[in-house]
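For reference, the structure is listed below as structure tokens.
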Amino acid sequence: MRSLLFVPGDSPRKLEKALGGDADVLLIDLEDSVASDHKAAARDTVRDFIAAARGAEDRPLLYVRVNALGSGLADADLDAVMEAAPDGVVLPKSVSGADVQHLAAKLAVREAEQGLDDGGTRILAIATETAASIFNMGSYAGASHRLAGLTWGAEDLSADLGAETNRLDDGSYADPYRLARALSIFAAQAAGVAAIDTVFTNFRDEAGLRAECAAARRDGFTGKMAIHPAQVAVINEAFTPSPEAVERARRIVALFEAQPGAGVIGLDGEMLDRPHLRRALGVLARVR
């Protein structure tokens, strides 16, 4: 999952356009981008779209962002969309791993009702949208085998904190959001799932997006959410390992395979140990 594109669930035109794009995952939204009086109709639109799109060749993964568990709307969202068997569900405003477990139980019931494979619906949790969530980031490890990834949110978090803004004058994140970002990487790695970077809201600033993608890849994120189709190509490029990186990773793996008992190997004048091997294997996994 390199690029994960948000698409409003109440717009058939945007959904069809996104299906033909290059995003790895469509995050079909029933939450923030859909007005309250449009949600019922949006559920039908999303269900029908997923049912029709599932058979398309080379399609992206189809995840649905339902409304938060505490909103009173999530059950109706799930009742509608699970009829069409989405690939996954995005859990907004997750406070802890217990919320993932709660959603997993709801999915299990609906999979049984629809005759779907048990555990086939994955979960992507947005783990930092409330102040309370920051204290529970370690709770996602072992929460559910359905958990496919963790991402973080700066916009809802800033609203929850009552902050004036989440960025400094130079465009970088202020300290509370840098903390949330770092904790999301640690939490994802501890849980053994994908670490996904949050959205870059200024979709006309390509240079800013490229810089943020580069920083995210450097720090351990493996993908990034997008709010506009124009961002997808930049994100895909940033999170696709370069030919040079792939070749170096293959050389590292080959050297360790040739010397299975070695703790340290030499390559191009550099001494490499087991952490370098794990990184190389990660690069090759992303290529696959």
Side-chain angles (χ1 to χ4, degrees), residues 1 4 6-7 9 15 24-32 34 39-40 42-56 59-130 132-133 136-153 156 184 187-196 222-223 225:
M1 296 191 291
L4 301 88
F6 277 110
V7 190
L15 288 167
D24 292 341
V25 185
L26 299 187
L27 304 178
I28 305 168
D29 192 23
L30 288 173
E31 194 206 16
D32 288 344
V34 178
K39 288 189 186 290
R43 292 182 187 116
D44 294 338
T45 297
V46 171
R47 179 196 62 221
D48 294 346
F49 170 75
I50 293 174
R54 280 191 62 85
R59 66 170 177 83
L61 293 175
L62 305 173
Y63 276 52
V64 179
R65 180 166 71 170
V66 297
N67 287 275
L69 292 177
S71 68
L73 300 171
D75 283 330
D77 293 341
L78 293 171
D79 287 341
V81 303
M82 287 300 290
E83 291 182 23
D87 296 300
V89 171
V90 180
L91 175 61
K93 299 176 178 64
S94 181
V95 176
S96 70
D99 282 350
V100 171
Q101 293 171 342
H102 190 182
L103 176 58
K106 291 178 179 292
L107 293 174
V109 170
R110 288 163 176 84
E111 285 172 343
E113 291 173 342
Q114 300 299 328
L116 303 175
D117 291 340
D118 180 45
T121 313
R122 308 302 299 279
I123 296 173
L124 172 65
I126 308 179
T128 70
E129 292 188 301
T130 65
S133 67
N136 301 312
M137 295 298 285
S139 65
Y140 290 94
S144 173
H145 65 280
R146 295 178 184 271
L147 189 63
L150 285 175
T151 185
W152 69 289
D156 282 278
S184 71
Q189 294 303 323
V193 300
I196 306 298
T222 58
M225 298 187 295

>> Please give me the minimum heavy-atom distance between Leu124 and Leu150, naming the atom from each residue.
In response: CD1-N, 3.9 Å

>> Between Arg146 and Glu111 (salt bridge meaning N to carboxylate O under 4.0 Å), is one present in this structure?
In response: yes

> How long is the span from the CD1 atom in Ile126 to the NZ atom in Lys93, to the nearest 0.5 Å?
Replying inline: 7.5 Å

> If you take all heavy atoms of Asp118 and Ala108, which pair is closest and at what distance?
Replying inline: OD1-CB, 4.3 Å

>> Check this for me, if you would: do Glu83 and Arg110 make a salt bridge, where the nitrogen-to-carboxylate-oxygen distance has to be below 4.0 angstrom?
In response: no

>> Minimum heavy-atom separation for Ser96 and Asn136, please, with both atom names.
In response: CB-CB, 3.7 Å

>> Set out, in order, the CA-CA distance, both residues' side-chain angles and the distance that settles side-chain contact (heavy atoms from CB on, under 4.5 Å) for Arg122 and Leu61, then state yes or no.
In response: CA-CA 11 Å; Arg122 308 302 299 279; Leu61 293 175; over 6 Å; no

> Where is the tightest heavy-atom contact between Leu62 and Ala53, given as atom of each residue plus distance?
Replying inline: CD1-CB, 3.9 Å

> Taking C-beta and beyond as the side chain, do Arg65 and Leu27 meet within less than 4.5 Å on heavy atoms?
Replying inline: no

> Measuring from Ser144:OG to His102:NE2, what's the distance to the nearest 0.5 Å?
Replying inline: 13.0 Å

>> Between Lys106 and Asp77 (salt bridge meaning N to carboxylate O under 4.0 Å), is one present in this structure?
In response: no

>> side chain to side chain donor-acceptor pair (under 3.5 Å) for Tyr140 and Ser94? Distances and angles first, verdict last.
In response: CA-CA 10 Å; Tyr140 290 94; Ser94 181; 2.8 Å; yes

> Do Thr222 side-chain atoms and Ala194 backbone N/O form a donor-acceptor pair below 3.5 Å?
Replying inline: no

> Taking all non-hydrogen atoms of both residues, which atom of Arg47 and which atom of Ala84 are closest, and how far apart?
Replying inline: O-CB, 3.3 Å

>> I'd like to know if Asp87 and Arg59 make a salt bridge, using a cut-off of under 4.0 Å between side-chain N and carboxylate O.
In response: yes

> OH of Tyr63 to CE of Met1: how many Å apart, nearest 0.5 Å?
Replying inline: 5.0 Å

>> For a side-chain contact (heavy atoms from CB on, under 4.5 Å) check, start with the C-alpha distance between Val95 and Thr130, then their side-chain angles and the critical distance, and finish with the verdict.
In response: CA-CA 7 Å; Val95 176; Thr130 65; 4.1 Å; yes

> What are the two closest non-hydrogen atoms of Ile196 and Thr151, and how far apart are they?
Replying inline: O-OG1, 2.7 Å

>> Show, in sequence, the C-alpha distance, side-chain angles and deciding distance for Val90 and Val64, and conclude whether the side-chain contact (heavy atoms from CB on, under 4.5 Å) test is met.
In response: CA-CA 6 Å; Val90 180; Val64 179; over 6 Å; no

> CE of Met82 to OG1 of Thr121: how many Å apart, nearest 0.5 Å?
Replying inline: 3.5 Å

